[in-house]
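As structure tokens, the structure follows; a few thoughts come after it.
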Amino acid sequence: MRKISIIIFFIVNILSANASEIKLYGNISDTKGAGLPYVNVKAEVMGTDRVGHAVSDANGYYELTFDSPGDSCRVVYSCIGFKTYSCILPFNKSSRKNVKLEDDTNLLNEIKVTGALSIQQADKTIFLPTTTQRKSSNTGWELLHNMMIPELYVDKNSGKVKTTSDKDVTVCINGQPASDIEVKALRSRDIVRVDYHPNPTGKWATYQSVIDFIVRTVDDGGYLSINTSTKFITPHGDYNVYGKWRHNKWESFLYGSTTFDNDRHSGSDMEETVSLSPSFVKYTSNEDYHRKDMTANGTYFLRYNGPHLVMKADAGLNWNHTPVNTSHNDISYADNVYSPSLAAVSQTEKGISPNVNVYMQAIMDNQTLSCSVGYKYVDCKYGRQYEEQGAAQILSTEATGYNHEMKSTVIYSCDLKKAGQIVLAANVTGEKYDTRYSGTQEIEQQLNKWYSYFSVGYSHRFSKVLSFSTDLALMDHHTEINGEKDHASMFLPSLDISIHQKSFGRLDFSWNTVYINPPIEWKSKLSQQVYSYEQLRGNESLPHYVAYRPYLNYSKEWGNFLMNVYAGSMFSSKSIRDNFYVEDNQLIHSYAVKGSYYQ
């Protein structure tokens with residue numbers, strides 16, 4: 001019995017060893033120890049046809065799992081901008097392999113000499129910044145602007161990014177959605193490359209397009225950075241302090257800034273044609289404009305980056321003050337329908353707004369679940385005084401507003417391997433404000449606005465050349481202002497087809513459905529007198545409708561020459577257009593439903 005027990009014991013151990021999983025894992029970094037995200041890892045089990053693939057996460061961590069062992073395996077680590085590294089490892093038990101990749105000096109020298117290098121892949125275009133572009137950039141926005149990516153319009157100061165085909169751009173850092181502040185705080189020397197996804201899929205399928213900054217990370221350490229800018233001709237100041245610290249998988253980030261503007265100029269002219277019977281033209285010539293602005297901002301971020309879980313929370317406080325905003329204008333009318341006059345506008349504004357946001361992403365094999373919630377409160381005081389020569393009285397308005405803005409999003413994506421990818425998304429956005437007007441008019445305006453958005457997306461790559469994605473979305477919109485309610489439900493489908501071949505370039509076709517939402521403020525009974533001769537009113541029956549936007553976009557690279565050509569259109573069966581008429585010698589401005597629209 002003792003011998004039989006020993007034999008059974010060895011058999012069980014052998015069977016369990018064969019059934020156990022073999023795991024290869026570790027961290028990938030550069031020569032300075034900073035973790036490298038998005039490194040491709042390929043493991044080939046020697047003597048078999050078994051191959052494993054993995055991609056390092058935001059921290060440079062990778063992990064491969066095999067169902068059964070082998071004698072050894074060949075592992076290849078590759079990343080654009082770095083030398084490929086390969087090694088042979090014993091593969092009879094789980095093991096940890098940490099790797100340091102060296103910069104590809106030949107490639108870097110090429111970048112220094114020839115300028116920006118782009119690499120077009122089937123689902124994205126990879127851009128490597130040059131040494132000159134890095135040296136002339138203090139922030140992530142400035143680097144993106146200096147890289148001059150042909151398919152993007154970038155404002156390096158405001159951080160606004162649009163594609164040439166007018167798509168919205170979601171900006172990410174190491175695959176995670178990032179705020180404007182986080183991108184502004186990026187140091188150009190930490191950015192490995194920039195990936196542009198014109199037609200995102202998977203966890204990004206609900207976005208129209210994506211810019212992803214691939215950034216080095218460190219396990220322990222941080223930095224304090226002070227970034228200032230002052231202009232004197234048109235006085236402007238922008239002063240920023242960033243503090244970032246990381247320990248293992250936890251990262252904290254503190255940001256503070258203050259800005260000021262003092263803009264004074266004159267000479268702008270405006271011409272407005274009013275197509276009445278008889279028609280007339282209004283000319284406005286600005287004699288003086290003066291505006292002063294001051295802002296301050298403080299934000300704290302806390303982030304956890306794990307191989308299967310990412311969590312981020314941030315809280316901030318914004319303060320703004322506009323003590324001076326004045327304008328003096330000469331006004332005249334062609335054909336003398338009204339007498340020439342002088343107009344003066346004086347406005348002031350101040351407000352404070354705290355905000356908080358929480359984001360979480362769970363990664364489970366071929367599935368990803370992302371959740372986010374956010375809240376912002378705005379307390380604003382606003383004053384406006386309008387005076388026009390010959391008018392019966394000076395129009396004066398004082399307003400106090402209390403705004404609540406809320407948003408929540410849930411996105412689930414599943415990679416079906418050869419069958420494609422499917423994405424389910426739900427988004428709820430709400431806004432509520434209460435504004436009290438006093439002065440020439442005494443009135444209170446209360447607004448409630450809720451958007452509910454549900455979508456099902458599917459994408460599939462038929463080959464290395466052809467890919468396809470579609471998104472079927474249902475939007476439900478509820479608004480109410482001073483007791484007057486409005487409701488609309490819209491079906492908003494979209495379609496993207498991409499053809500990519502190295503010798504041909506990349507050709508993208510997009511068909512988007514746009515929701516046209518007439519502001520409910522137009523429909524309220526509040527008739528705000530804008531000028532002494534013009535009133536806005538009479539918009540109670542404006543409809544909600546959709547418009548269609550097809551785009552064709554072509555990108556091609558010849559050596560160091562990057563080209564982007566696009567053509568687009570927008571059309572709808574309805575349109576909302578300005579409508580003017582005269583009543584009691586006063587111009588009434590409203591909006592009316594007209595026929596089809598095309599551009």
Side-chain angles (χ1 to χ4, degrees), residues 23 25-30 32-39 41 54-65 96 98 140 170-187 190-192 195 202-204 206-207 210-225 242-256 298-317 354-376 407-413 425:
K23 185 168 70 173
Y25 62 100
N27 287 88
I28 308 171
S29 62
D30 62 10
K32 295 180 181 180
L36 292 177
Y38 290 1
V39 177
V41 183
V55 178
S56 62
D57 65 9
N59 306 312
Y61 176 82
Y62 73 96
E63 182 180 300
L64 294 104
T65 303
R96 180 184 183 95
N98 295 330
T170 300
V171 180
C172 298
I173 298 177
N174 289 345
Q176 306 299 328
S179 67
D180 294 345
I181 293 175
E182 290 178 280
V183 179
K184 188 177 181 180
L186 284 178
R187 299 185 301 181
D190 294 333
I191 300 172
V192 178
D195 292 353
K203 63 182 180 181
W204 292 330
T206 58
Y207 305 143
V210 169
I211 281 289
D212 192 14
F213 287 91
I214 309 305
V215 180
R216 293 178 172 91
T217 60
V218 295
D219 286 338
D220 286 284
Y223 63 84
L224 179 67
S225 175
Y242 315 101
K244 183 177 287 189
W245 181 262
R246 183 184 179 92
H247 177 65
N248 293 332
K249 295 180 175 61
W250 289 93
E251 183 179 57
S252 59
F253 171 54
L254 184 63
Y255 168 78
T299 305
Y300 177 74
F301 292 83
L302 181 65
R303 184 198 301 267
Y304 171 82
N305 287 297
H308 303 293
L309 179 65
V310 176
M311 296 186 296
K312 183 179 75 170
D314 65 82
L317 184 67
N355 62 86
V356 62
N357 300 279
V358 177
Y359 172 83
M360 182 189 74
Q361 184 182 80
I363 303 170
M364 304 159 287
D365 295 329
N366 300 321
Q367 304 174 74
T368 302
L369 178 65
S370 302
C371 305
S372 64
V373 293
Y375 172 76
K376 181 179 180 180
K407 60 181 179 180
S408 60
T409 304
V410 177
I411 302 174
Y412 169 79
S413 65

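Contact between Gly140 and Ile191 at its shortest, heavy atoms only, is CA-CD1, 4.4 Å. Shown here for Asn355 and Leu317, the closest heavy-atom pair between the two residues is ND2-N, 4.4 Å. In terms of heavy-atom proximity, Tyr359 sits nearest to Ser372 at CD1-CB, 3.9 Å. Here the closest non-hydrogen pair linking Ser408 and Val373 is CB-CG1, 3.9 Å. Residues Cys172 and Val210 come closest through the heavy atom pair SG-CG1, 4.1 Å. Taking each heavy atom of Leu224 and Gly243 in turn, the nearest pair found is CD1-CA, 4.1 Å.
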Could you please spell out the steps behind the side-chain contact (heavy atoms from CB on, under 4.5 Å) verdict for Asn357 and Lys407?
-> CA-CA 9 Å; Asn357 300 279; Lys407 60 181 179 180; 3.7 Å; yes
Chi angles and distances behind the side-chain contact (heavy atoms from CB on, under 4.5 Å) call for Glu182, Gln176 = CA-CA 11 Å; Glu182 290 178 280; Gln176 306 299 328; over 6 Å; no
Full working for side-chain contact (heavy atoms from CB on, under 4.5 Å) between Val183 and Phe213 | CA-CA 9 Å; Val183 179; Phe213 287 91; 3.8 Å; yes
Trace of the side-chain contact (heavy atoms from CB on, under 4.5 Å) decision for Asp30 with Val192 = CA-CA 10 Å; Asp30 62 10; Val192 178; over 6 Å; no
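Ile411 is not listed as a side-chain neighbour of Gln361, based on a closest heavy-atom distance of 4.5 Å or more. By the 4.5 Å heavy-atom criterion applied to side chains, Leu36 and Arg216 are counted as neighbours. Contact check for Ile28 versus Tyr62: side-chain heavy atoms found under the 4.5 Å cut-off.
Here the options are Val55, Thr217, Ile214, the test is side-chain contact (heavy atoms from CB on, under 4.5 Å), and the partner is Pro37; only Ile214 passes. Among Trp245, Tyr242, Phe253, the one residue that satisfies the ring-ring contact (aromatic ring centres under 6.0 Å, His included) test with Phe301 is Phe253.
Rounding to the nearest 0.5 Å places OG of Ser370 at 8.0 Å from CD1 of Ile363. With rounding to the nearest 0.5 angstrom, the CZ atom of Arg246 is 5.5 Å from the CD atom of Glu251. Note: Leu254 CG to Lys244 NZ = 12.0 Å, rounded to the nearest 0.5 Å. Once rounded to the nearest 0.5 Å, the distance linking CG of Asp195 with CD1 of Ile211 reads 8.0 Å.
Using a 30° and 60° split on the angle between ring planes, Trp250 and Tyr304 fall in the tilted class, from 30° to 60°. The aromatic rings of Tyr61 and Tyr25 sit tilted, their planes meeting at an angle between 30° and 60°.
A donor-acceptor pair under 3.5 Å links the side-chain atoms of Asp212 to the main chain of Asn174, judged by distance alone. Not a single donor-acceptor pair under 3.5 Å links the side chain of Thr299 to the backbone N or O of Asp314. Without hydrogens or angle criteria, Asn305 side chain to Lys249 main chain gives no donor-acceptor distance under 3.5 Å.
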